[in-house]
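Since the structure comes first, as structure tokens, the remarks are kept for the end.
Quick caveat, the model's predicted, so the values are computed rather than measured. Sequence lines set the chain letters: A, B, ... in the order given, protein chains first and strands last, and positions in each chain run from 1.
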There are 2 protein chains.
Amino acid sequence: MTEAVQAQKLPLARAIEAELVADISAGVLEPGHRLDEVTLAQRFGASRTPVREALLRLAAQGILVEGERRGMRVAEYTREQLSQIFEAMHEIEIACARIAAQRLTLLTRIEIEAAQQECVRAAEQGDRAAFLHANEVFHQTIYRATGNPFMAELAADFRRRTGPFRARKFAEKRDLIAAAKAHDRLMRDIFSKDSATASNGMMAYMTDSLSKALAAN
Amino acid sequence: MTEAVQAQKLPLARAIEAELVADISAGVLEPGHRLDEVTLAQRFGASRTPVREALLRLAAQGILVEGERRGMRVAEYTREQLSQIFEAMHEIEIACARIAAQRLTLLTRIEIEAAQQECVRAAEQGDRAAFLHANEVFHQTIYRATGNPFMAELAADFRRRTGPFRARKFAEKRDLIAAAKAHDRLMRDIFSKDSATASNGMMAYMTDSLSKALAAN
DNA sequence: TTCACCCGTTCTGTATACATTGATCAACAA
DNA sequence: TTGTTGATCAATGTATACAGAACGGGTGAA
């Protein structure tokens with residue numbers, strides 16, 4: 001077994017899963033790329049069994065899809081499908097914002113503010129990688145602020161799934177700064193603690209986000 | 001291989017998955033019940049491989065959870081967790097109702113009405129199994145009426161996940177009849193094609209459903 | 001040239017065997 | 001009596017083998 005994959009003491013299947021996720025996120029495996037069990041097994045120096053399990057798990061997460069023909073492929077969406085996914089994500093984000101606004105505590109408020117400060121800092125320095133990370137933290141913090149782990153998990157799942165497509169809209173430094181400003185507005189609306197204001201704020205934010213993502217794809 | 005499972009020409013793993021989902025939804029396998037691969041393999045007259053795959057898929061859907069010790073168990077939630085799951089489901093159902101109301105076609109309307117008629121028939125005859133099935137069809141049809149497969153899948157996932165808990169509230173014939181009446185109101189609200197009416201209708205429906213489910217658990 | 005069919009190849013689905021881990025219980029010592 | 005340790009066993013993790021189905025290429029006929 002390759003040491004790189006075995007580094008941690010995870011079951012083989014999990015290790016392979018993690019490795020594949022990393023490859024897909026990094027764009028090494030592009031959308032539409034076909035994955036066959038035998039080749040992967042050879043690559044990881046393992047048998048087909050754990051590879052199969054890893055593929056299965058990734059398919060369950062929507063990261064891979066079962067091809068029309070045979071075999072698994074890295075998920076690839078038409079513009080229509082992409083807009084449908086964003087519509088669903090949109091709904092969930094709005095619900096999260098509304099619930100979070102209702103249940104805001106001092107602690108979660110501080111955490112959101114801290115995440116946003118990091119976003120602004122990264123945007124101003126034009127540090128794309130740092131911004132992407134801080135952006136994740138910002139949104140995840142809002143999810144957790146709902147106080148509902150299941151909602152948070154749901155929203156996080158969609159975020160993972162749409163990650164590659166959203167990332168494309170942050171090409172230039174001005175994109176980062178625009179996003180940070182949008183965060184500011186969204187944050188104000190959530191901090192209003194008014195459900196309608198919060199959900200309308202997230203609706204505006206997500207609509208903007210969707211149109212930018214579609215433009216970049 | 002048991003004929004019941006092989007009835008359709010599905011891969012074994014899928015057939016086993018479907019059978020287990022049915023058992024869990026119907027409450028044959030209760031929350032907390034431990035499932036081991038060998039026993040299931042014997043039950044289905046299959047080898048461990050497809051059983052394993054089925055369990056994996058169910059775990060990914062949150063229907064099963066990996067036990068503290070070893071092995072998979074039917075997901076079991078505290079009342080607090082249950083209410084959180086229902087809250088999330090609540091949000092998604094409301095969004096579905098709103099979107100479905102906006103995009104209602106003659107065909108989907110007819111399909112929803114047909115499903116509801118079957119619910120009423122089953123409720124009046126006190127046929128619990130038939131009612132549970134018709135109830136599923138009714139809700140799934142609403143999901144499909146959104147025209148968004150991803151939303152539909154999301155909602156369906158939650159339905160599968162909460163199946164065992166919702167099933168408990170249909171103990172008596174009068175529970176079935178009450179549920180069928182609630183469907184009627186919900187259907188009217190969705191058919192109004194007014195977003196606010198539809199989402200408020202679903203909100204009332206789900207709030208009622210949640211309180212009944214919590215009472216039964 | 002083109003279409004259809006057949007055959008070889010390759011991949012997935014399933015079964016089975018082997019390895020390893022984790023749990024249970026008994027025995028012994030404090 | 002209780003805690004700890006070791007052995008045993010059962011269940012999971014992994015490997016390998018086999019069967020069946022799908023893709024591709026090539027050959028033949030129209």
- request: For B:Glu37, answer base if it contacts any base atom (sugar-phosphate contacts may also be present), sugar-phosphate if it contacts only those atoms, and nothing otherwise; contact means non-hydrogen atoms under 4.0 Å.
  value: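 Counting heavy atoms under 4.0 Å across all strands, the contact made by B:Glu37 is with sugar-phosphate only.
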N/O donor-acceptor pair under 3.5 Å between [X] side chain and [Y] backbone:
X        : Y        : result
A:Gln81  : A:Thr78  : yes
B:Lys173 : B:Gln125 : no
B:Thr108 : B:Leu104 : no

Rounded to whole Å, please give me the gap between [atom1] in [X] and [atom2] in [N].
X       : N      : atom1 : atom2 : answer
A:Arg34 : C:dT12 : CZ    : C1'   : 9 Å
B:Leu35 : D:dA11 : CG    : P     : 13 Å
A:Leu64 : C:dT12 : CG    : P     : 12 Å
B:Leu12 : D:dG20 : CG    : P     : 13 Å
B:Arg70 : C:dT20 : CZ    : P     : 13 Å
A:Arg73 : C:dC11 : CZ    : P     : 15 Å
A:Leu56 : C:dG13 : CG    : C1'   : 12 Å
B:Leu55 : D:dA11 : CG    : P     : 14 Å

Please tell me which of the listed nucleotides, [options], lies nearest to the side chain of [X]?
X       : options                : answer
B:Asp36 : D:dA11, D:dT14, C:dT14 : D:dA11
A:Arg48 : D:dA11, D:dT14, C:dT12 : C:dT12
A:Ala46 : D:dT14, C:dG13, D:dA15 : D:dA15

Salt bridge (Lys or Arg N to Asp or Glu O under 4.0 Å) partners for B:Glu153, two or more places apart: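 Listed in chain order: B:Arg160.
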query: Just to confirm, is there a sub-4.0 Å distance from OP1 or OP2 of C:dT12 to any side-chain nitrogen or oxygen of A:Arg52?
result: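 No, outside the criterion.
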- prompt: Can B:Gln84 and A:Asn148 be counted as having a side-chain donor-acceptor contact under 3.5 angstrom?
  reply: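 The answer is no; no qualifying pair exists.
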message: Once hydrogens and angles are ignored, does a donor-acceptor distance under 3.5 Å link the base of C:dG13 to the side chain of B:Arg14?
response: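 No.
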message: Both B:Thr49 and A:Val38 contact DNA chain C. Taking the nearest nucleotide for each, which residue is further toward the 5' end?
response: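 Its nearest nucleotide being more 5', the pick is A:Val38.
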